[in-house]
Amino acid sequence: MRINLTSPKQLQTIKGWGTSACWWAQAVSDEKTQEELAELLYGDSGLRLNIYRYNIGGGYDEELNRVENPWRRTESFLLYDREKEESTWDFSRDKNAVSVMKKCLDKGNVDTLILFCNSPHYSLCSSGQASGSLLGHTCNIPKMNYKKFVDYVLDVTEHFLDKGFPVKYISPINEPQWKWGGAYVWQEGCHYELAEVIEIFRIFSDEIIRRKMPVYLYGPESGAMLEDTPDYLEAIASDEKIMRVLPIFAYHSYHADNRPEDRYEFKEKLVNAHKELRFDMSEWCELPNKSHTKNFKGALITARIIGQDVIYGGAESWTSWVAANNIYIKEDGFDYSDAMLSGSPDFSERTLNERFYGMAHFTKFVPVGSAALDIGLRPTENDNNYNAFSFKTPDGKTVIVAVNEGEDTTLQLDGDFSSLEITVSDKNRKLEKIYDGNFLNEFDFPSNSLITAVLK
């Protein structure tokens with residue numbers, strides 16, 4: 001595998017790496033465990049993530065709730081008395097998730113705090129539930145409650161701002177195109193038609209400006225790169241009112257794990273056509289998840305998707321869906337949690353999963369402010385086993401993150417460098433530095449391994 005670093009084209013500047021607090025943070029009550037997880041994810045000895053997504057939960061009515069898994073329900077700050085049809089605030093609620101967020105912020109690396117919603121508060125929803133309408137592909141919030149939804153989100157935002165939390169963005173809509181609801185529900189969610197997305201965003205824009213809030217809209221967190229996403233983008237980008245407060249178009253890169261061509265198309269048709277917007281990939285996990293937590297393939301896939309989303313898709317930041325998820329044992333005896341960590345319901349048991357290292361090979365070596373580089377590689381669906389992604393760091397180093405899902409090969413580097421550090425991860429080694437010395441223009445690249453090379 002040959003990489004030409006003599007004159008790579010400089011692309012976008014990397015704004016960072018992140019994850020979301022859904023829904024694990026609310027389950028961690030032990031302060032020591034909270035601190036350990038915060039250090040793993042946001043500390044200098046861990047991933048050093050700088051983007052934190054906190055979920056403003058929609059809450060639930062005990063009598064109407066249909067979400068069976070407690071980890072998929074959320075505790076809202078807003079208490080609703082159904083008989084009196086009255087609401088009151090209690091900001092002592094969701095205390096575990098708030099405590100985890102504070103510990104992560106205290107690590108000093110977070111510069112982007114995003115508050116996001118999977119659904120409006122259940123009291124505002126037609127079904128009385130935050131898990132979607134009783135009829136799939138139907139918006140679960142009546143138009144008469146749009147402004148109440150806006151006020152709910154912005155009131156929570158103002159509370160966090162008053163408490164000193166550095167909220168920068170609010171993302172009130174998540175994956176609007178999916179059905180959310182119907183006969184079977186498993187988590188919070190709300191379907192929105194395009195016109196409903198635009199109308200709600202316009203009300204948010206008016207109210208953010210009226211309140212003179214130091215926050216911006218973020219979204220619409222489309223559930224795929226293509227499909228409905230171009231329609232969302234064109235509608236938002238052409239709406240002057242929304243564009244007053246929405247500098248970032250956020251999307252998810254699900255359902256295209258083996259199609260790098262989708263990322264080329266996304267960048268060519270959407271990113272390159274809208275230079276006025278920043279594009280953030282704000283959610284991804286392996287879906288469907290075929291990699292159990294002890295299978296290094298999960299790390300390889302994670303690293304490949306991160307690199308392809310950034311280099312080929314044009315993302316300026318990359319955020320995983322969840323940092324931690326329930327331990328999920330299948331018939332083969334393995335845990336198929338889709339996150340970087342797995343935990344028992346109360347987190348008394350927890351494991352660090354292989355895909356943690358897929359993200360670490362970027363976050364530990366490619367800091368905020370690095371420039372993505374085009375080194376001319378163009379994988380295809382039929383030839384996707386060898387990937388390499390390059391960056392120029394703010395201090396002038398060149399970083400290569402290479403992913404080998406094929407056979408043993410060699411990495412050949414063309415360029416004028418004096419030194420080289422090589423760090424490798426595979427099923428037996430984790431972030432192991434195997435070389436630190438004079439520049440080598442060729443070295444082994446074993447099958448099923450990740451390599452990060454730092455060149456000076």
Side-chain angles (χ1 to χ4, degrees), residues 1-12 14 257-261 263-264 267 296-297 299-315 318 354 357-367 370-456:
M1 184 178 185
R2 195 176 197 94
I3 300 174
N4 189 342
L5 296 166
T6 53
S7 56
K9 179 183 177 181
Q10 199 163 110
L11 305 172
Q12 76 276 19
I14 305 303
D257 288 0
N258 297 310
R259 296 199 304 273
E261 296 92 338
R263 289 160 175 85
Y264 306 144
K267 185 174 182 179
F296 196 71
K297 182 69 171 177
L300 296 170
I301 294 172
T302 299
R304 166 167 39 92
I305 296 301
I306 293 172
Q308 291 187 352
D309 280 341
V310 172
I311 303 298
Y312 307 137
W318 197 94
E354 294 288 73
Y357 300 99
M359 198 163 188
H361 271 263
F362 288 88
T363 66
K364 283 180 168 291
F365 302 95
V366 184
S370 298
L373 301 178
D374 183 354
I375 53 177
L377 298 179
R378 290 291 182 274
T380 66
E381 183 176 350
N382 297 320
D383 183 16
N384 199 22
N385 284 331
Y386 303 97
N387 280 270
F389 315 103
S390 189
F391 305 86
K392 178 74 76 172
T393 66
D395 61 359
K397 299 173 185 174
T398 296
V399 176
I400 298 168
V401 182
V403 187
N404 184 355
E405 298 173 76
E407 301 297 321
D408 291 349
T409 187
T410 59
L411 267 180
Q412 297 173 300
L413 307 179
D414 294 335
D416 183 18
F417 301 98
S418 59
S419 67
L420 171 67
E421 294 178 11
I422 303 172
T423 300
V424 65
S425 293
D426 56 28
K427 67 178 182 180
N428 298 316
R429 298 174 291 180
K430 301 295 182 284
L431 296 170
E432 181 178 321
K433 186 181 289 188
I434 60 171
Y435 182 81
D436 186 357
N438 293 329
F439 174 66
L440 304 175
N441 60 11
E442 183 174 314
F443 50 89
D444 292 338
F445 190 12
S447 174
N448 297 312
S449 70
L450 286 173
I451 279 180
T452 295
V454 179
L455 303 103
K456 301 178 186 177

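Positions are given from 1, in the same order as the sequence printed here.
- Separation of atoms CD (E442) and CD (Q412) is listed at 4.5 Å; rounding is to 0.5 Å.
- K267 and G314 get closest at one heavy-atom pair: CD-N, 4.0 Å.
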Apply the test side chain to side chain donor-acceptor pair (under 3.5 Å) to residues K433 and T423: give CA-CA distance (whole Å), side-chain angles for both, the deciding distance (0.1 Å), then the verdict. CA-CA 4 Å; K433 186 181 289 188; T423 300; 6.0 Å; no
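- Between the CG atom of D374 and the CD atom of Q12 there is a distance of 10.0 Å, given to the nearest 0.5 Å.
- Listed for the D436 side chain is no donor-acceptor partner under 3.5 Å among the backbone atoms of E421.
- When the shell of 6.0 Å around CG of D416 is examined, it contains 12 or fewer heavy atoms from other residues, nucleotides or ligands.
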Starting from the C-alpha separation in whole Å, work towards a yes-or-no answer on side-chain contact (heavy atoms from CB on, under 4.5 Å) for H361 and L431. CA-CA 8 Å; H361 271 263; L431 296 170; 3.7 Å; yes
Would you sort out whether I305 and R263 count as a side-chain contact (heavy atoms from CB on, under 4.5 Å), showing the intermediate values? CA-CA 10 Å; I305 296 301; R263 289 160 175 85; 3.7 Å; yes
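- The environment of CG in D414 is crowded: more than 12 heavy-atom neighbours from other residues, nucleotides or ligands sit within 6.0 Å.
- One finds a salt bridge joining E405 and K297 here, because a Lys/Arg side-chain nitrogen approaches an Asp/Glu carboxylate oxygen to under 4.0 Å.
- Of all non-hydrogen atoms in V399 and T452, the two that sit nearest each other are CG1-CG2, 3.8 Å.
- Here OH of Y357 is found 14.0 Å from CG of L300. Values are rounded to the nearest 0.5 Å.
- Between F362 and F389, the angle of the ring planes lies from 30° to 60°, which puts this pair in the tilted group.
- With hydrogens and angles disregarded, no donor-acceptor distance shorter than 3.5 Å links the side chain of S390 to the backbone of I400.
- A donor-acceptor pair is defined here as one N or O able to donate and one able to accept, closer than 3.5 Å; such a pair exists between the side chain of K430 and the backbone of K427.
- Here the CG atom belonging to N258 is positioned 10.5 Å from the CG atom belonging to N382, to the nearest 0.5 angstrom.
- Between T398 and K392, the shortest heavy-atom distance links the atoms OG1-NZ, 3.1 Å.
- Side-chain N or O atoms of N4 include one that pairs as donor or acceptor with a backbone N or O of T6 at under 3.5 Å.
- Under the 4.5 Å side-chain criterion, counting only non-hydrogen atoms from C-beta, S370 is not in contact with F365.
- In terms of modelled atom types and a separation under 3.5 Å, the side chain of D426 and the main chain of N448 share no donor-acceptor contact.
- For the pair L413 and L440, the tightest heavy-atom approach, listed with the atom from each and the gap, is CD1-O, 4.1 Å.
- Of the inter-residue distances, the one linking I375 atom CD1 with I311 atom CD1 reads 7.5 Å to the nearest 0.5 angstrom.
- Closest approach of R304 and V403 over heavy atoms only: N-CG2, 4.0 Å.
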Test side-chain contact (heavy atoms from CB on, under 4.5 Å) on K9 and L373 and set out the steps. CA-CA 6 Å; K9 179 183 177 181; L373 301 178; over 6 Å; no
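- When all heavy atoms of V424 and S449 are compared, the pair lying nearest together is CG2-CB, 4.3 Å.
- One finds the CG atom of D408 at 10.0 Å from the CZ atom of F445 (value rounded to the nearest 0.5 Å).
- Between F439 and F417, the angle of the ring planes lies from 30° to 60°, which puts this pair in the tilted group.
- Between L377 and N387 the shortest side-chain heavy-atom distance does not fall below 4.5 Å.
- Side-chain contact between P379 and Y264 is present, with at least one heavy-atom pair separated by less than 4.5 Å.
- You'll find the side chain of Y386 reaches within 4.5 Å of the side chain of N404, heavy atoms only.
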